[in-house]
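The figures here come from the full heavy-atom set of this structure, side chains too, leaving out hydrogens, waters and symmetry mates.
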Amino acid sequence: VKFKLAIAPSVVKFESEITKGTPDFAFVNPYQAVIAMKAHGYVPMLRDRKPLNGILVVRKDSPYKKLQDLDGKIIGFPSPNAFGASLFMRALLSEANPIKFTPRYLNNHNLVFKHVSLGHVAAGGSVNSALNDEAVEMRDQLTVLFQTPDVASHPIVTHPRIPANLRKSVMTALQGMQQDAEGRAMLKEIRMPNMVEANFQSDYLPLEKLNI
């Protein structure tokens, strides 16, 4: 089986291609899995065993000690559609823990951390794995003020036009990469070191209830 790798130039373009049903296989965030299923019946195949958590960070010496302290403040996010760091986080801040805030989109997680450390924003949305990837010097300046509940992590999905036997072969091949050091290193780079089968009903359907 030959694959053509297609890298979208932006999240907006990527989601447009998903909505049109262009890719046979795609690596999506949890809410994009819902969009893909609604649009064309894309089936989640595999995800990492470890759940996804969004985090809200502030400076360690910040006066903000609880979520209500951020009412009326500017909060940085990597992008509008980053799921754990932005979509899910904004929904929780606006509903489950209602505060009013001004979002500022800063393009990536690293810039969110930098803006928080420099005091340009009161707090910043990200995910645990991104914070763990930062240099110790940056991590030492920040503390986690709030963490989202667990959500099933980013899945690989496939269009229903792909025959079931081919889908199974691809799943077997991907899971087989966990059996050798080179494969595990590659999977770690995309934060899928411990693949398990994904299930739309239990893993992603609950996200439809969120006001996103």
Side-chain angles (χ1 to χ4, degrees), residues 1-48 50-55 75-92 103-113 115 124-131 133 148 150-163 166-167 170-171 173-174 177 186-193 195-201 203-212:
V1 179
K2 294 182 179 180
F3 289 88
K4 178 183 178 182
L5 186 62
I7 306 295
S10 67
V11 173
V12 172
K13 177 64 175 175
F14 175 73
E15 291 182 345
S16 172
E17 292 301 307
I18 293 291
T19 303
K20 290 188 291 186
T22 303
D24 295 317
F25 296 87
F27 187 29
V28 300
N29 73 32
Y31 194 66
Q32 288 165 346
V34 176
I35 294 172
M37 172 61 81
K38 280 186 171 182
H40 290 282
Y42 276 90
V43 180
M45 295 168 44
L46 297 164
R47 62 172 176 84
D48 192 64
K50 187 176 181 180
L52 174 69
N53 295 104
I55 57 174
I75 299 178
F77 300 96
S79 66
N81 289 345
F83 179 74
S86 188
L87 278 173
F88 192 24
M89 182 66 72
R90 295 195 328 263
L92 291 174
R104 180 175 295 173
Y105 301 109
L106 301 167
N107 197 46
N108 60 54
H109 294 270
N110 176 258
L111 286 176
V112 168
F113 298 139
H115 275 65
S126 186
V127 292
N128 272 321
S129 53
L131 182 60
D133 287 345
T148 70
D150 289 354
V151 176
S153 58
H154 295 47
I156 297 172
V157 299
T158 180
H159 196 285
R161 64 174 167 259
I162 301 301
L166 175 55
R167 183 166 65 245
V170 172
M171 289 176 65
L174 288 169
M177 292 175 66
M186 294 174 70
L187 294 174
K188 185 178 180 181
E189 286 295 315
I190 61 166
R191 298 183 177 130
M192 293 186 75
M195 286 186 177
V196 295
E197 290 194 26
N199 179 280
F200 182 79
Q201 297 295 323
D203 292 339
Y204 306 109
L205 183 60
L207 300 181
E208 280 194 309
K209 299 176 183 178
L210 295 175
N211 183 25
I212 295 180

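One finds the CG atom of Asn110 at 10.5 Å from the CG atom of Asp133 (value rounded to the nearest 0.5 Å). Rounded to the nearest 0.5 Å, atoms CE (Met177) and CE (Met195) are 6.5 Å apart. Taking CG from Asn29 and CG from Asn81, the interatomic distance works out to 7.5 Å, rounded to the nearest 0.5 Å. Rounding to the nearest 0.5 Å places CG of Leu106 at 11.5 Å from CZ of Phe113. Atom OG of Ser126 is separated from atom CG of Leu111 by 11.5 Å, given to the nearest 0.5 angstrom.
For Thr158 (side chain) and Arg167 (main-chain N/O), no donor-acceptor pair under 3.5 Å exists by modelled atom type. Remark: side-chain polar atoms of Thr19 are paired, donor with acceptor, to backbone N or O of Glu15 under 3.5 angstrom. Remark: the backbone N or O of Pro80 is paired with a side-chain donor or acceptor of Arg90 at under 3.5 angstrom.
Between Met192 and Ile156, some side-chain heavy-atom pair lies under the 4.5 Å cut-off. The closest side-chain heavy-atom distance from Val127 to His109 is below 4.5 Å. Glu197 is listed as a side-chain neighbour of Leu46, based on a closest heavy-atom distance under 4.5 Å. In this structure, Pro155 and Val28 have side chains that are in contact, with non-hydrogen atoms separated by less than 4.5 Å. No side-chain heavy atom of Ile75 sits under 4.5 Å from any side-chain heavy atom of Pro103. When side chains are defined from C-beta on, Pro30 counts as touching Leu52, because their heavy atoms get closer than 4.5 Å. Within the 4.5 Å cutoff, the side chain of Ser86 has heavy atoms near those of the Tyr105 side chain.
When all heavy atoms of Pro206 and Gln201 are compared, the closest pair comes out as CD-O, 3.5 Å. Here the shortest heavy-atom pairing between Ala36 and Ile18 reads CB-CG2, 3.6 Å. Minimum interatomic distance between Asp48 and Ser153 (heavy atoms only, all atoms of both residues): O-OG, 3.0 Å. Here the closest non-hydrogen pair linking Phe14 and Ala26 is CZ-CB, 4.4 Å. Taking all atoms of both residues into account, the shortest heavy-atom contact from Gly125 to Pro78 is O-CD, 3.2 Å. Residues Phe25 and Val170 come closest through the heavy atom pair CZ-CG2, 3.9 Å.
The aromatic rings of Phe83 and Tyr31 lie parallel to each other, with less than 30° between the two planes, well short of the 60° mark. Using a 30° and 60° split on the angle between ring planes, His40 and His159 fall in the tilted class, from 30° to 60°.
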>> What verdict does the side chain to side chain contact (heavy atoms under 4.5 Å, CB included) test give for Asp150 and Asn53, after you've listed the backbone C-alpha separation in whole Å, the side-chain angles of each residue and the deciding distance to 0.1 Å?
In response: CA-CA 5 Å; Asp150 289 354; Asn53 295 104; 2.8 Å; yes
> What do the steps show when you test Val1 against Phe3 for side chain to side chain contact (heavy atoms under 4.5 Å, CB included), and what is the final call?
Replying inline: CA-CA 7 Å; Val1 179; Phe3 289 88; 3.6 Å; yes
> Passes side chain to side chain contact (heavy atoms under 4.5 Å, CB included), Lys50 versus Asn128? Steps please.
Replying inline: CA-CA 11 Å; Lys50 187 176 181 180; Asn128 272 321; 5.9 Å; no
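Tyr204 pairs in a side-chain contact (heavy atoms from CB on, under 4.5 Å) with only one of the listed residues (Met37, Gln32, Arg47), which is Arg47.
Taking the side-chain hydrogen bond (donor to acceptor under 3.5 Å, both in side chains) definition, one finds that Lys13 meets it with Glu17, sequence neighbours left out. With sequence neighbours left out, the salt bridge (charged side-chain N to carboxylate O under 4.0 Å, His left out) criterion links Lys38 to Glu208.
Screening residues 1-12 for side chain to side chain donor-acceptor pair (under 3.5 Å) gives no qualifying pairs among residues at least two apart or on separate chains.
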